[in-house]
Amino acid sequence: MRRDPSFISILLLSHVMQGATSEYTRDGSVDINKQPALKHSTGKWRACFLILGVEFCECMAFFTISKNLVTYLTAVLHESKVTAARNMSAWVGACFFTPLFGGFIADTYWGRYWTIVGFFPLYVVAMVVLIASASLPIFSTSSDHGGSVHRAFVYLGMYIAAIASGGVKPCTSSFGADQFDTNDHAELVTKGSFFSWVYRFRKMGVSPLTSILQVVVAAVRKWHIKLPDDSSLLYEPSGTDASYKIEHTNEFRFFDKAAIVSAPSDNESTVPLCSWRLCTVTQVEELKMLLRMSPIWASFVIVYAVDAQMPSTLVEQRMFMDNRVGSFTIPPASMSVVGVISCLVWVPIYEMALVPLARRFTGKEKGFSQAQRLGIGLALSMLTMVYAALLETRRLAVAEASGMRDPDAPVPMSILWQVPLHVVHGAAQVFAGVGATEFFYDQSPETMKSLCAALGQLALAFASYMNSLLLSIVAVATTRR
């Protein structure tokens with residue numbers, strides 16, 4: 001059959017156009033010059049290595065402070081055990097509360113890249129202040145007398161670090177995930193393993209908090225209007241990018257009222273995209289997604305309350321145990337290394353053994369559903385605290401049996417009894433901690449990735465403040481007489 005030359009020309013042109021478009025990402029990401037991102041020279045693992053380097057430095061700074069803080073507050077600043085643990089929890093809470101504001105700045109104004117660049121130097125300032133407070137001779141004399149200057153300098157460095165964490169924590173994991181094209185199957189599979197020096201950036205949209213408030217205000221203003229039976233009558237502009245459009249769901253239907261076209265003027269030609277009287281279905285669904293995440297978010301407070309004990313009360317427990325292993329002495333704060341090693345061991349066990357085994361029974365590609373993974377993490381966190389309570393009961397019994405009168409003297413009980421606790425807690429972290437990061441990224445709206453990552457950090461902040469409150473209540477209740 002003879003082909004029409006014009007038809008062949010169209011096919012060739014189509015092939016050329018497809019080749020040209022395939023050079024660029026298809027998820028709307030851009031490069032640092034705000035041009036469409038080239039697939040071969042931006043993003044993917046090349047970009048992620050540097051992002052992981054930033055995350056490594058941030059974590060090293062945070063854990064360097066947190067793991068030694070209780071010891072420093074009690075031994076150098078001479079705070080009581082309860083006060084030190086309470087101040088420790090309050091600081092950790094601040095570190096995981098500030099990401100709420102950092103995520104808002106990233107999603108609304110600066111973007112994730114520039115938020116990281118802007119806040120990361122604060123960590124350097126914080127570490128310089130803390131190093132100076134611990135090493136300069138002027139502070140070594142004042143601490144013995146509870147010097148207020150030394151104490152102020154220490155807490156200044158601590159809370160500068162808390163502010164710095166607010167800009168870095170919610171952005172690194174989300175920015176790393178942004179380096180993979182969600183509309184490219186090969187890159188989407190690769191992104192599952194993540195969690196260039198020319199990065200890929202997502203275009204800035206409407207402020208996520210503004211969008212949420214608009215939905216609430218518009219729905220309240222139309223509370224008396226009946227919802228249409230056909231959800232297709234709700235407002236959604238035809239020009240909305242399909243990759244950012246969210247399909248309507250039937251939960252929390254009250255907020256659907258925000259998308260009701262109630263007046264002749266409520267049409268695509270006259271209503272702006274940001275409106276306090278008419279919102280899109282996508283805006284409404286973004287709020288619904290946040291509401292659906294709230295019960296899971298609340299459960300993480302319990303998981304993170306266990307984490308809050310690790311650098312505070314459990315360090316104090318180690319301070320009153322025998323830390324000698326042969327001729328070697330283990331500093332109480334250094335036992336947290338066991339937890340880190342436990343996580344490093346459990347991650348490959350989870351990926352290479354548990355996931356394939358679970359996949360055979362569940363048929364799911366990831367082996368466990370997110371709910372199952374988080375549930376196992378909760379159970380393991382509970383088991384961690386049960387073991388810690390039994391260990392403390394045994395430690396007190398040994399101290400009483402030994403007739404020890406000095407409350408600050410270590411009991412004849414090896415610090416190695418805490419090793420099983422850290423092993424179990426490491427497994428809980430792999431299931432619940434890593435699962436939480438994945439959950440908040442996967443289930444959050446596209447325009448609220450950093451903010452939702454910050455909500456995960458906010459759960460840790462609430463857990464730390466709850467831990468501080470519980471310490472105060474227990475101290476009052478047990479020392480009343």
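We use all heavy atoms of the structure for the numbers below, so side chains are in, but hydrogens, waters and symmetry mates are not.
Among residues two or more places apart in sequence or in another chain, the side-chain contact (heavy atoms from CB on, under 4.5 Å) test is passed with Leu469 by Ile473. For the salt bridge (Lys or Arg N to Asp or Glu O under 4.0 Å) test, residues two or more places apart in sequence or in another chain that qualify with Asp256 are Arg253, Lys288. Every ring pair (Phe, Tyr, Trp, His ring centres under 6.0 Å) that Phe97 has, sequence neighbours left out, goes to Phe101. Partners of Arg373 under the salt bridge (Lys or Arg N to Asp or Glu O under 4.0 Å) rule, at least two apart in sequence or in another chain, are Glu438. Remark: Phe368 engages Tyr350, Phe431 in a ring pair (Phe, Tyr, Trp, His ring centres under 6.0 Å) (not counting sequence neighbours). Remark: Val423 engages Ser342, Trp346, Val419 in a side-chain contact (heavy atoms from CB on, under 4.5 Å) (not counting sequence neighbours). With sequence neighbours left out, Ala75 forms a side-chain contact (heavy atoms from CB on, under 4.5 Å) with no residue at all. Shown here are the side-chain contact (heavy atoms from CB on, under 4.5 Å) partners of Ala428, two or more places apart in sequence or in another chain: Leu380, Ser381.
Looking only at side-chain heavy atoms (C-beta outward), Thr384 and Met310 come within less than 4.5 Å of each other. By the 4.5 Å heavy-atom criterion applied to side chains, Val303 and Leu378 are counted as neighbours. In this structure, the side chains of Leu69 and Val315 stay at 4.5 Å or more apart for every pair of heavy atoms. Annotation: side chain of Leu314 is in contact with side chain of Gln317 (closest heavy-atom distance under 4.5 Å). His425 places a side-chain heavy atom less than 4.5 Å from the side chain of Asp307. Side-chain contact between Phe254 and Trp223 is present, with heavy atoms from C-beta onward closer than 4.5 Å.
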Which side-chain N or O atoms in residues 115-124 pair as donor and acceptor under 3.5 Å with protein atoms at least two apart or in another chain?
unit_1: Thr115; atom_1: OG1; unit_2: Gly111; atom_2: O; d: 2.6
unit_1: Tyr123; atom_1: OH; unit_2: Glu58; atom_2: OE2; d: 2.8

Donor-acceptor pairs are to be reported for all side-chain atoms of residues 83-93 against protein atoms at under 3.5 Å, with residues two or more places apart or in another chain.
unit_1: Thr83; atom_1: OG1; unit_2: Ser80; atom_2: OG; d: 2.7
unit_1: Arg86; atom_1: NH1; unit_2: Ser472; atom_2: OG; d: 3.4
unit_1: Asn87; atom_1: ND2; unit_2: Glu79; atom_2: OE1; d: 3.1
unit_1: Asn87; atom_1: ND2; unit_2: Thr83; atom_2: O; d: 3.3
unit_1: Asn87; atom_1: ND2; unit_2: Tyr155; atom_2: OH; d: 3.1
unit_1: Ser89; atom_1: OG; unit_2: Ala85; atom_2: O; d: 3.1
unit_1: Ser89; atom_1: OG; unit_2: Asn467; atom_2: ND2; d: 2.6
unit_1: Trp91; atom_1: NE1; unit_2: Met158; atom_2: O; d: 2.6

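Sorted by first then second residue, the salt bridge (charged side-chain N to carboxylate O under 4.0 Å, His left out) pairs that include residues 60-72, not counting sequence neighbours, number zero. Under the salt bridge (charged side-chain N to carboxylate O under 4.0 Å, His left out) criterion, the residue pairs touching residues 290-303 are Glu251-Arg292, with sequence neighbours excluded.
Screening Phe300, Tyr304, Phe62 against Phe96 for a ring-ring contact (aromatic ring centres under 6.0 Å, His included) leaves a single residue, Phe62.
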